[in-house]
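Taking it in order: structure first as structure tokens, then the write-up.
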Amino acid sequence: MRLSRTFIPTLKETPSEAQIASHRLMLRAGLVRQHAAGIYNWLPMGTRVLRNIEKIVREEQNDAGAQEIIMPTIQSGELWKESGRYDDYGPEMLRVKDRHDRDMLYGPTHEEVVTDIFRNNVRSYKDLPLNLYQIHWKFRDEVRPRFGVMRGREFLMKDAYSFDLSYEAARHSYNQMFVAYLRTFARMGLQAIPMKADPGPIGGDLSHEFIVLAETGESAVYCHKDLLSKPIPPVVDYASNLQPIVDDWTSAYAATDELHDKAKGKELGDDLISARGIEIGHIFHFGKKYSEPMGAQVASSAGEMVTPFMGSYGIGVSRLVGAIIEACHDDDGIIWPDMVAPYRVGLINLKVGDPDTDKVCGELYGKLKEIGLSALYDDRAERAGVKFSNMDLIGLPWQIIVGPKGLKEGTVELKRRATGERQTLPIDSVLSVLTGSQPGTGLS
RNA sequence: CGGGGUGUAGCGCAGUCUGGUAGCGCGCCUGCUUUGGGAGCAGGGGGUCGGAGGUUCGAAUCCUCUCGCCCCGACCA
């Protein structure tokens, strides 16, 4: 895109309501604008990042054997009365009445709906295992929304739900999601650490939170330092036994504040990392908590009706945008990891109107398109300083800087946002250097 | 939900105590000069001072009510 025709309302100063870095930068870089407390408009830059994150999540979910569906945002209260949560959930659930005075609600989560889909449509053990997911907006009427999109009331979430015939099979489904999550977050440039978690109101006996460390994290977390650099499992056969991978990741100590074992922490000594973390994913196994009361059953191979074991698996997609920025920024702005960046390359024309810079920029822009690297071309008639600071703020991973000075020597500059490192390169080699440094998926 | 703060132009703020009809910086528009890290000069547009009611000759300013937003805590993907 040409920057001159792209809607990126950047701000030089920080709106006073924004306290933490990610919130400030999301406003300043023109990703979002607040609509009401905890509710945001996503502008073009923010939307592109959201879509990139979704894409990674979707690919990894599909690889792990989950199938995408879309469930309604507005749900019938009746289902929640069946599961018993209509009264339990409290004022966090936004309740509305339709014109016939029926109890409806804006879904804060979808266990009830997916269980309803299951019981109405799945009859046989042959259809199991089944894992259905969606990437959709949810609403939880938080008492105190804060930190921008990190704790919004409306948020985009990937939620998957697994159905299995036995606990062992359910455990495998759980492990599949566990491994998929490690890969998913790694592709976004995050080292997420699985931590044993309290299942809370969703219930169940097996649960892990995926935490990314950041100063502004909402909860205190503790873990063995090895987990910070532990390599992510490469291509996995999701049908194989994944327990060794899960065991490997869960053998090192890691716990959130509530479950922190101080004695164990002491044992670790200097190996213990004490930090703050942001929860970006949460997986649960909760057995028959919903299938039982809602009467979801399938015929077993022996012809008996059996109640499936279930799990649910969430990723906070919109929260991830904030979490990634918390983990990846400096004083000048955002530093997008390659795979989620709204554009891979920022092309800066330092002297718009100069025939040489215009020509070279035009050619580079065309070639970037050809090789499939998304680029944002700053073709505005602004001063160099404005363009530099703006591009740093927006945080695209690479900048190609084209100015009359360099062109006299037949060169342009390639700048890596993360390191600030600049290379002066001949015009016709800049793209090959650039593509040579492109990561693939980050995983093989 | 307890405690604290705040609302004046797109953003950041002053003005409120002590009432006299709204101002500064940045951004925006025009022109000229500039042009490798948020330029200079000149001109211009933009505000029911969150809302309602009251006091007063007169209210951004005083009084009452109300709404929004932010922060700390408790709670939570």
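Residue numbers start from 1 in every chain, and the chains themselves are labelled A, B, ... in the order their sequence lines are given, proteins ahead of strands. Side chains included, hydrogens not; waters and symmetry mates left out as well; all remaining heavy atoms used. Computed from a prediction, not measured in an experiment: that's the story for all the values here.
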* Just name whichever nucleotide pairs with B:C24, Watson-Crick or G-U, keeping both distances under 3.5 Å, else none. => B:G12

* Verify the distance criterion only: is there a donor paired with an acceptor across the side chains of A:Y253 and A:H260 at less than 3.5 Å? => yes

* Atom pair distance, as rounded to whole Å: NE2 in A:H23 and C1' in B:C71 -> 13 Å

* Expressed in whole Å, how much space separates the P atoms belonging to B:A59 and B:G20? -> 11 Å

* Structure fact -> Which of B:A77, B:G37, B:G12 is nearest the side chain of A:K415? It is B:G37

* **Distance, rounded to the nearest Å, where A:R151 contributes CZ and B:C71 contributes P** => 12 Å

* Hey, are the side chains of A:V49 and A:W336 touching, using non-hydrogen atoms and a 4.5 Å cut-off? -> yes

* Asked: Would A:Y377 and A:N349 count as having a side-chain donor-acceptor pair, cut-off 3.5 Å?
  -> yes

* To do: May I have the distance from A:E142 (atom CD) to B:C76 (atom P), rounded to whole angstrom?
  => 10 Å

* Asked: Between B:G27 and A:K12, is there an OP1 or OP2 to side-chain N/O distance shorter than 4.0 Å?
  -> yes

* Applying a 3.5 Å limit to both distances, which nucleotide forms a Watson-Crick or G-U wobble pair with B:A42? -> B:U30

* Asked: Taking only side-chain nitrogens and oxygens of A:R144, does any of them come within less than 4.0 Å of OP1 or OP2 of B:C72?
  -> yes

* Does some side-chain heavy atom of A:E218 sit less than 4.5 Å from a side-chain heavy atom of A:I278? -> no

* To do: Considering just the side-chain nitrogens and oxygens of A:R383, establish if one lies under 4.0 Å of OP1 or OP2 belonging to B:U35.
  => no

* If we take the C1' atom in both B:G46 and B:G23, what is their distance in whole Å? -> 14 Å

* Please report, rounded to the nearest Å, how far the P atom of B:C71 is from the CD atom of A:E17. => 9 Å

* Structure fact -> From the candidates B:A39, B:C75, B:C69, the one with an atom nearest any side-chain atom of A:V386 is B:A39

* Structure fact -> A:R140 has its side chain closest, among B:A77, B:C70, B:G36, to B:A77

* To do: Just call it for A:N390: base, sugar-phosphate, or nothing, with non-hydrogen atoms closer than 4.0 Å on any strand.
  => base

* Structure fact -> Separation of B:G50 atom C1' from A:Q34 atom CD, nearest Å, is 15 Å

* **Listed nucleotide nearest any side-chain atom of A:P15, set B:G12, B:G36, B:G38** => B:G12

* Can you tell me how far the CZ atom of A:F284 sits from the CD atom of A:E111, to the nearest 0.5 Å? -> 8.0 Å

* **Under 3.5 Å donor-acceptor pair, A:E13 side-chain atoms to B:G25 base atoms** => yes

* Touch check for A:G314, heavy atoms < 4.0 angstrom, all strands: base, sugar-phosphate only, or nothing? -> nothing

* Structure fact -> Which of B:C75, B:A77, B:G36 is nearest the side chain of A:K405? It is B:G36

* **Pi stacking test for A:F155 and B:A77: under 5.5 Å apart, planes under 30°** => yes

* To do: Indicate, with a heavy-atom threshold strictly under 4.0 Å, whether A:R153 touches base, sugar-phosphate, or nothing.
  => nothing

* Can you check the A:D141 CG to B:C76 P distance for me, whole Å? -> 15 Å

* With C1' as the reference atom in both, quote the distance from B:G47 to B:C32 in angstrom, rounded to an integer. => 30 Å

* If the C1' atom of B:G68 is compared with that of B:C75, how far apart are they to the nearest Å? -> 23 Å

* Proximity to the side chain of A:L393 - top-ranked nucleotide from B:C11, B:G37, B:G38 -> B:G38

* To do: State, with a plain yes or no, whether a side-chain heavy atom of A:Q399 is found less than 4.5 Å away from one of A:D392.
  => yes

* Any strand is fair game: report the nucleotide pairing with B:G47 by Watson-Crick or G-U wobble, both distances under 3.5 Å, or none. => none

* Separation between the P atoms of B:A60 and B:A52, rounded to whole Å -> 12 Å

* **P-based separation of B:G25 from B:G31 [nearest Å]** => 22 Å

* Asked: Which listed nucleotide (B:A77, B:C26, B:C28) is nearest to the side chain of A:R319?
  -> B:A77

* To do: Assign A:G406 to base, sugar-phosphate, or nothing according to its heavy-atom contacts below 4.0 angstrom with the strands shown.
  => base

* If B:U64 has a Watson-Crick or G-U wobble mate with both distances under 3.5 Å, name it; if not, just say none. => B:A52

* Asked: Between A:G316 and A:L350, which has a closest nucleotide on RNA chain B that is more 5'?
  -> A:L350

* **Exercise: do A:R95 and A:Y106 side chains pair donor with acceptor under 3.5 Å** => no

* To do: Give none if B:G36 has no partner; otherwise give the nucleotide forming a Watson-Crick or G-U wobble pair with it, both distances under 3.5 Å.
  => none

* Asked: Given atom CD of A:E258 and atom P of B:A74, what is their separation to the nearest angstrom?
  -> 11 Å

* Provide the Watson-Crick or G-U wobble partner of B:A77, both distances under 3.5 Å; none if there is no partner. => none

* Find the distance between CD1 (A:I348) and CD1 (A:I401) and round it off to the nearest 0.5 Å. => 5.0 Å

* To do: Determine the Euclidean distance between corresponding P atoms of B:U64 and B:C17; express it in Å to zero decimal places.
  => 15 Å

* Mapping A:D392 and A:G38 to their closest nucleotides on RNA chain B, which lands nearer the 5' end? -> A:D392

* Asked: Which nucleotide in the list B:G36, B:C71, B:C69 gets nearest to the side chain of A:E413?
  -> B:G36

* Distance between the P atoms of B:G7 and B:C49, in whole angstroms? -> 15 Å

* **Value in whole Å for how far the P atom of B:C72 lies from CD of A:Q19** => 7 Å

* Asked: In the structure shown, which nucleotide is the Watson-Crick or G-U wobble counterpart of B:C69, with both distances under 3.5 Å?
  -> B:G5

* To do: Give one of base, sugar-phosphate or nothing for A:A36, where a contact means two heavy atoms less than 4.0 Å apart.
  => sugar-phosphate

* A:E292 CD to A:M310 CE distance, which is reported to the nearest 0.5 Å -> 12.0 Å

* Respond yes when some side-chain nitrogen or oxygen of A:S16 is under 4.0 Å from OP1 or OP2 of B:C70, and no when none is. => no

* Asked: What does A:G333 touch in the nucleic acid at a heavy-atom separation under 4.0 angstrom: a base, only the sugar-phosphate, or nothing?
  -> nothing

